[in-house]
Amino acid sequence: MKNRMMRFNIILAAPFILAACTHQTAHQSEQPSFTQGLAERYHSDVYECRKVDSGGVPPRVTNDGKIISEDGIEWIVPAKVDYEGSTKASDLFNVCNDVIPLSSADVNMADFPVHDAGGSDVFTAYVFGDNYFEFTVNDKITVVDPLPFTPFNSSVIKFKAERPFNLAVKAVDWEEYSGLGMETFGKAKYHAGDGGIVIVIKDASGKIVSVTDDSWKAQTFYIAPLATKSCLVVTGADRNSLGCPMEDVKDGSQHYAAHWPIPQDWKKADFDDSAWSYATEYTNEEISVFNKPAFSNFTDIFDDVKGDASFIWSSNVVLDNIVLLRKTVK
Ligand SMILES: [Ca+2]
Ligand SMILES: [Ca+2]
Ligand SMILES: [Ca+2]
């Protein structure tokens, strides 16, 4: 009886299995590699800050890790970054460097260096990222977040360019448990932290020329933690983890992570991002930034009534941990 039932189920399922295989072949490059468990240490102390933030919270240690996926590929987690040796963004607010202005009125914008992305117009970008970003203009200059994990900081990037220019931003939600996308948080030993980034760009006259919103393109390349592999739904270029559990767990050490390779040419203006989704907008409340002075001391910039920037990310601001963002500023 049992065997007959099984055979019956297989016959019923056959067309669906066939359909799934055909689908997978058509979008093979979009299927992730999976890893399970903690990565081994790659670099210890990518960055170290000994200062506590204004809430008395000690900084988290910034490590990264490497881990081999089930299909034999080595992945650097949370992301392979160009931190060391790269040009760092200027500090708008950075406890670790003792740059702690109470408002934008206390910041001398004329002091910041100007990076040359081609062209003669000067633009100023203001960035707050949870937790790390690499900001590329016209694939010509890349300026990186000086503080990869915590405390939370904010940055200024002044650059010369000509409109239209292309922005390519790699945004990384850093992690304490390398390869698992989790951190200790209060009483929770395994907590999936969130990401989010907000950017405002002004021209030399102070006029806002671009803010982060849902006109930006966004794609995720690293999703963790995954309680199961099957909760992740990949349909073409769409990588949807919204059906996966996100609650704190007692032991996340055996959770999975999904990885995709980052296209070589993704920073180029003519890179085809047509299959990518538009970014999802998140509110200040969703990202919980009112207790973070690197953001809340500068709401005149980030929440300007003349152009209120939204936090953006891919569809899952908790589980998606590497998000590439693209925008052409006209
Ligand atoms: Ca940061
Ligand atoms: Ca985070
Ligand atoms: Ca996360």
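For the single chain, residues carry numbers from 1 onward in sequence order. Just follow the structure's listing: the first ligand is 1, and inside any ligand the first atom is 1.
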Worksheet item: Is the Ca ion (ligand 3) less than 3.0 Å from an N/O/S atom of N321, whether that atom is in the backbone or a side chain?
Response: yes
Discussion item. For a distance under 3.0 Å, tell me if L319 has an N/O/S atom near the Ca ion (ligand 3).
Written reply: no
Discussion item. Tell me which N, O or S atom from D145 is the closest to the Ca ion (ligand 1).
Written reply: OD2
Worksheet, complete the sentence: In this structure, the Ca ion (ligand 3) sits at the vertex of an angle between O of G193 and OD2 of D173 that rounds to 10° as 80°
Checking side-chain polar atoms at under 3.5 Å, does [X] have a donor or acceptor matched by the opposite partner on [Y]?
X: Y42; Y: E74; result: no
X: D145; Y: N153; result: yes
X: W75; Y: S69; result: yes

Worksheet entry | Apex the Ca ion (ligand 1) - arms O from L147 and O from N131 - angle rounded to 10° | 100°
Worksheet item: Between K160 and D116, does at least one N-O distance fall below 4.0 Å, as a salt bridge requires?
Response: no
Worksheet item: Is any side-chain N of the basic residue among D248 and K187 closer than 4.0 Å to the acidic one's carboxylate O?
Response: no
Worksheet item: Would D194 count as a contact for the Ca ion (ligand 2), in the sense that one of its N, O or S atoms lies under 3.0 Å from it?
Response: yes
Practice prompt. Please determine if the Ca ion (ligand 2) has an N/O/S atom from E175 lying under 3.0 Å away.
Written response: no
Discussion item. With respect to the Ca ion (ligand 1), please indicate if N153 possesses an N, O or S atom at a distance under 3.0 Å.
Written reply: yes
Fill in: Side chain to side chain, L232 and P32, heavy atoms closer than 4.5 Å
yes
Worksheet entry | D130 atom (N/O/S) at minimal separation from the Ca ion (ligand 2) | OD1
Discussion item. When you measure from the centre of the six-membered ring of Y132, is the NZ or CZ of K170 closer than 6.0 Å and no more than 45° off the axis?
Written reply: no
